Chemist: 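What follows is a structure written as structure tokens; I'll ask about it next.
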Amino acid sequence: AVLQDGHKRKLRTMQDVLRDSICPTKGRVFVCGLAMDYCVRDTCINAKALGMERVSIVLDASRAAHIPGVGAFGSGFLSDPDQVRASLQKHKVDIRYTTE
């Protein structure tokens with residue numbers, strides 16, 4: 001997201017950077033972070049929707065949303081891991097690890 005605080009920081013959205021700086025067929029996008037089952041997954045899907053052909057989630061550099069005592073998928077996990085993986089595969093997002 002772009003910070004709107006009155007200062008000219010020349011910050012841009014992911015869409016701007018991808019559109020202006022990366023060749024959709026040759027460039028690669030690696031995504032990692034917190035809320036793998038929400039924010040990270042959605043960022044991967046959005047990059048694919050913008051035309052990026054080579055989008056990867058770095059699985060061991062990402063963590064799913066977790067609230068202890070809540071959620072039906074293990075102790076505190078909010079999303080079904082099989083559904084998260086299926087969603088990534090449906091959108092042709094590569095699953096990578098930092099050791100690759």
Side-chain angles (χ1 to χ4, degrees):
V2 176
L3 181 64
Q4 299 291 337
D5 64 357
H7 297 281
K8 295 185 188 243
R9 300 176 193 271
K10 298 183 181 177
L11 299 175
R12 301 182 306 158
T13 65
M14 179 188 78
Q15 291 89 341
D16 293 338
V17 172
L18 292 178
R19 191 177 310 112
D20 298 344
S21 305
I22 300 175
C23 175
T25 58
K26 294 182 181 176
R28 297 184 297 170
V29 177
F30 294 92
V31 184
C32 62
L34 292 176
M36 171 188 68
D37 43 342
Y38 295 98
C39 303
V40 176
R41 181 191 64 194
D42 289 350
T43 298
C44 291
I45 292 169
N46 289 338
K48 293 294 283 191
L50 288 169
M52 296 302 300
E53 292 180 9
R54 297 168 61 188
V55 177
S56 301
I57 184 171
V58 184
L59 201 58
D60 59 337
S62 301
R63 293 291 176 259
H66 184 268
I67 302 171
V70 176
F73 305 99
S75 177
F77 291 101
L78 306 179
S79 298
D80 181 347
D82 292 333
Q83 288 180 349
V84 173
R85 182 178 294 272
S87 176
L88 293 168
Q89 290 172 338
K90 174 184 172 189
H91 291 92
K92 297 182 171 64
V93 173
D94 294 325
I95 296 174
R96 302 275 180 193
Y97 295 89
T98 56
T99 55
E100 293 180 39

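Everything quoted here is computed from the prediction, not taken from an experiment.
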Chemist: Please report the closest heavy-atom contact between Cys32 and Ser62, naming both atoms and the distance.
Modeler: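 Heavy atoms only, the tightest pair is CA-OG, 3.2 Å.
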Chemist: Give the minimum heavy-atom separation between Arg54 and Gly27, together with the two atoms involved.
Modeler: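 Shortest heavy-atom contact: CB-O, 3.6 Å.
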Chemist: For the pair Val29 and Met14, evaluate side-chain contact (heavy atoms from CB on, under 4.5 Å) and give the outcome as yes or no after the intermediate values.
Modeler: CA-CA 11 Å; Val29 177; Met14 179 188 78; 5.7 Å; no
Chemist: Check the hydrophobic clustering (I, L, V, M, F, W, Y; side-chain heavy atoms under 4.5 Å; chains of links allowed) and say if Ile22 and Val93 are grouped together.
Modeler: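 Same cluster: Ile22 reaches Val93 through Ile, Leu, Val, Met, Phe, Trp or Tyr contacts under 4.5 Å.
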Chemist: Counting C-beta onward and ignoring hydrogens, is there a side-chain heavy-atom pair between Arg41 and Ile57 closer than 4.5 Å?
Modeler: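 No - every pair of side-chain heavy atoms lies 4.5 Å or more apart.
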Chemist: Just so I know, are the side chains of Arg85 and Ile95 near enough to count as touching, which here means a heavy-atom distance under 4.5 Å?
Modeler: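 Of all side-chain heavy-atom pairs linking Ile95 with Arg85, at least one is under 4.5 Å.
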Chemist: Taking Asp37 for its side chain and Ala64 for its backbone only, find out whether a donor-acceptor pair lies under 3.5 Å.
Modeler: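 Such a contact is absent between Asp37 side chain and Ala64 backbone.
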Chemist: Leu50, Val55: one ILVMFWY side-chain cluster at the under-4.5 Å cut-off?
Modeler: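 They do share one cluster, since a chain of ILVMFWY contacts under 4.5 Å joins Leu50 to Val55.
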Chemist: Could you measure the distance from the CD atom of Gln15 to the CG atom of Asp20? Nearest 0.5 Å is fine.
Modeler: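 These two atoms lie 11.0 Å from each other.
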Chemist: Starting at CG of Leu88, measure out to CD1 of Ile45 and round the result to the nearest 0.5 Å.
Modeler: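 Those atoms lie 6.0 Å apart.
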Chemist: Give, for atom CG of Asp82 and atom CD of Gln89, the distance between the pair rounded to the nearest 0.5 Å.
Modeler: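 Nearest 0.5 Å value for the CG-CD distance: 9.5 Å.
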Chemist: Looking at Lys48 and Lys92, would you say the former's side chain and the latter's main chain have a donor-acceptor pair under 3.5 Å?
Modeler: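 Yes; judged by distance alone, with no hydrogens or angles, the pair exists.
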Chemist: Where do Leu78 and Tyr38 come nearest, in terms of heavy atoms and distance?
Modeler: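 It is CB-OH, 3.8 Å.
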Chemist: Is it true that Asp16 and Thr13 share a donor-acceptor pair across their side chains at a distance under 3.5 Å?
Modeler: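 Note: Thr13 and Asp16 side chains meet the donor-acceptor criterion.
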Chemist: Is there side-chain contact between Met36 and Leu59, with heavy atoms separated by less than 4.5 Å?
Modeler: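 Counting from C-beta outward, Met36 and Leu59 do come under 4.5 Å.
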Chemist: When clusters are formed by joining ILVMFWY residues with side-chain heavy atoms under 4.5 Å apart, either directly or through shared neighbours, do Phe30 and Leu18 land in the same one?
Modeler: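 Different hydrophobic clusters.
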Chemist: Roughly how far, to the nearest 0.5 Å, is CE of Met52 from OG1 of Thr25?
Modeler: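 Thr25 atom OG1 to Met52 atom CE measures 8.5 Å (nearest 0.5 Å).
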Chemist: Check whether any side-chain N or O of Ser87 sits under 3.5 Å from a backbone N or O of Gln83 as a donor-acceptor pair, and report yes or no.
Modeler: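 Such a contact is absent between Ser87 side chain and Gln83 backbone.
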